[in-house]
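Following: one structure in structure tokens, then a few remarks.
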Number of protein chains: 2
Amino acid sequence: MAKVDTSLVAHLPLFAGVKPDDLDEILREARSARYPRNTAIFEQGADAQSFFLLLHGHVRATKTTPTGEQIVVRYVAPGETFGLAMAIGAVHYPATAMAVDDSVVLIWPNSAWPRLIERFPAIATNTLQTVGARLQESHTRILEMSTQQVEQRVAHALLRLAKQSGKKLDHGIEIDFPISRQDIAQMTGTTLHTVSRILSGWESQGLVESGRQRIILRDPHKIVVLAERTADSSPI
Amino acid sequence: MAKVDTSLVAHLPLFAGVKPDDLDEILREARSARYPRNTAIFEQGADAQSFFLLLHGHVRATKTTPTGEQIVVRYVAPGETFGLAMAIGAVHYPATAMAVDDSVVLIWPNSAWPRLIERFPAIATNTLQTVGARLQESHTRILEMSTQQVEQRVAHALLRLAKQSGKKLDHGIEIDFPISRQDIAQMTGTTLHTVSRILSGWESQGLVESGRQRIILRDPHKIVVLAERTADSSPI
DNA sequence: CAGGCAGTTTGCGATAGCGCAAAACGGGCC
DNA sequence: GGCCCGTTTTGCGCTATCGCAAACTGCCTG
């Protein structure tokens, strides 16, 4: 297996406060793997045996109801951890992880976790902070779903994606991985039909340019305005 | 200040893996305080200076939008921690905490946190697990808001409250603190009007008995059935 | 290069739940 | 015991959004 260069991961929040020498030791416990686009990394409900760090690509975490309805929990960007079931005391993965682009991940066996945080308590602290940040994002999402109209929620979702994984273009920001209307619907609690209608509308106003699993924000500023507009703001 | 008996808190998840002698040392760093019903413990956006452990009573955490709309993030039951802004790397409290009943809390200054987790790494691990559990609950809530009708969401919310803070009666379960229609609306992403209509309907079927800030589940089993019924299940 | 399929667009009718308004209720406080 | 205020109930019209159906499109594959 190709060895992972410590310099590539040393700056990640997960390893803040860990000495470079130690980092090497940590990485030796991991193996790396490549997942082609549209392959599952783990399935909701499966025994959690490993935890992951995304090095390259993009991963979508989804949660499914017994009746088959699904939401997108989040998109994982390079440098972020996922599948931390062990750390948060879960025996099974609470969500399904799928590579939406060809992706490369580091994989630690769960058995490494207790040893890791014993030797490097900073890792526990760092993880607590990331999980805490995700908790706050979830609360924000709940707040949005409770108080905003669909159009605003879609605007927020796109802006967040652009911030997390946007590729700056000469004229606009492109979301840097394949994403469908359906995916956006599952991020915002609506249907792909409604998302399609909204994006069509925006496209005709020149706010976005989009097509098959592809979205470019041509006028991010106006989308911010849309996102912040309250229901009773004056139209036009 | 009255000293807190270690035996009262020794069994809490927060202190799992901490030796009784050490516990005493931990508690000496805290002070306790009493908050009468309907008083704020901290406000969203304020500088986070302390973190809290609820000993007695009930606390409601709410999050408010710039435009004044509000959701209930969660209800805190005795034995649970809240206001962990420091632990998750937040400088300001992300929510407002209010005592919904006369409440007694332990309060640690944030400055105690780094020392605490250094001396007792188990506390960091335990906190990571509780925060992780809350994250999963949030995801479940998002899933429900995305896929279920209001009636089912209200059913789920009441069942959760009953489980967390239900007082078993001869015939049913009473939610053990004052809670209004408005509160339930803010937990489920709807309006107090709709909650009122739903509860009225249930009351006429003998599923619940309720009044001013008071709810008794008279037939929890049927409410479970309601909660699980999918939109396309046959009526009656 | 043709075909097929996944993803997207669009129309149209149905409706759950909102928003507003007003009345009824109940409990605590003086 | 009576008053007052916060809470709850209920009616009614409205509309954002869903749900279904059908057509369209662009990409990838063979």
Roughly how many Å is it from [atom1] in [X] to [atom2] in [N], rounded to a whole number?
X	N	atom1	atom2	result
A:Gln182	D:dC18	CD	C1'	14 Å
A:Leu192	C:dT8	CG	C1'	8 Å
A:Asn38	C:dC5	CG	C1'	14 Å
B:Gln148	C:dA16	CD	P	16 Å
A:Gln149	D:dC14	CD	C1'	13 Å
A:Met145	C:dG17	CE	P	13 Å
B:Ile179	D:dT8	CD1	C1'	15 Å
B:Asp183	D:dG6	CG	C1'	13 Å

Checklist entry - Side chains of A:Val76 and A:Phe52: does their closest heavy-atom pair fall under 4.5 Å? => result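 Counting from C-beta outward, A:Val76 and A:Phe52 never come under 4.5 Å.
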
Next on the checklist: Between B:Leu14 and B:Val9, is there a side-chain heavy-atom distance shorter than 4.5 Å?
Outcome noted: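 When only atoms from C-beta onward are counted, B:Leu14 and B:Val9 do not touch, as no gap falls below 4.5 Å.
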
Distance below 4.0 Å between [X] side-chain N/O and [N] OP1 or OP2:
X	N	value
B:Thr194	C:dC18	yes
B:Ser196	D:dT8	no
A:Thr191	D:dG19	no
B:Ser180	D:dG6	no

Next on the checklist: Contact list please: residues 197-216 of chain B against DNA chain D, heavy atoms, distance less than 4.0 Å, in numerical order.
Outcome noted: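 Only B:Arg197, B:Ser200, B:Gly211, B:Arg212, B:Gln213 qualify.
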
Item to check | Test: A:Glu209 and A:Arg218 ion pair at under 4.0 Å | outcome: yes

Next on the checklist: Between A:Tyr93 (side chain only) and A:Gln49 (backbone N and O only), is there a donor and an acceptor less than 3.5 Å apart?
Outcome noted: yes

Item to check | Donor-acceptor contact present, side-chain A:Arg134 to main-chain B:Leu135, <3.5 Å | outcome: no

Next on the checklist: Below 30° counts as parallel, above 60° as perpendicular, anything between as tilted: where do the rings of A:Phe177 and A:His58 land?
Outcome noted: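 Ring orientation, 0 to 90° scale: tilted.
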
Next on the checklist: Tell me if the side-chain of B:His193 makes a donor-acceptor pair with the base of D:dT10, cut-off 3.5 Å, by modelled atom types.
Outcome noted: yes

Checklist entry - Quick one: which of B:Gln164, B:Arg60, B:Glu80, B:Arg141 gives a side chain to side chain contact (heavy atoms under 4.5 Å, CB included) with B:Arg74? => result B:Glu80

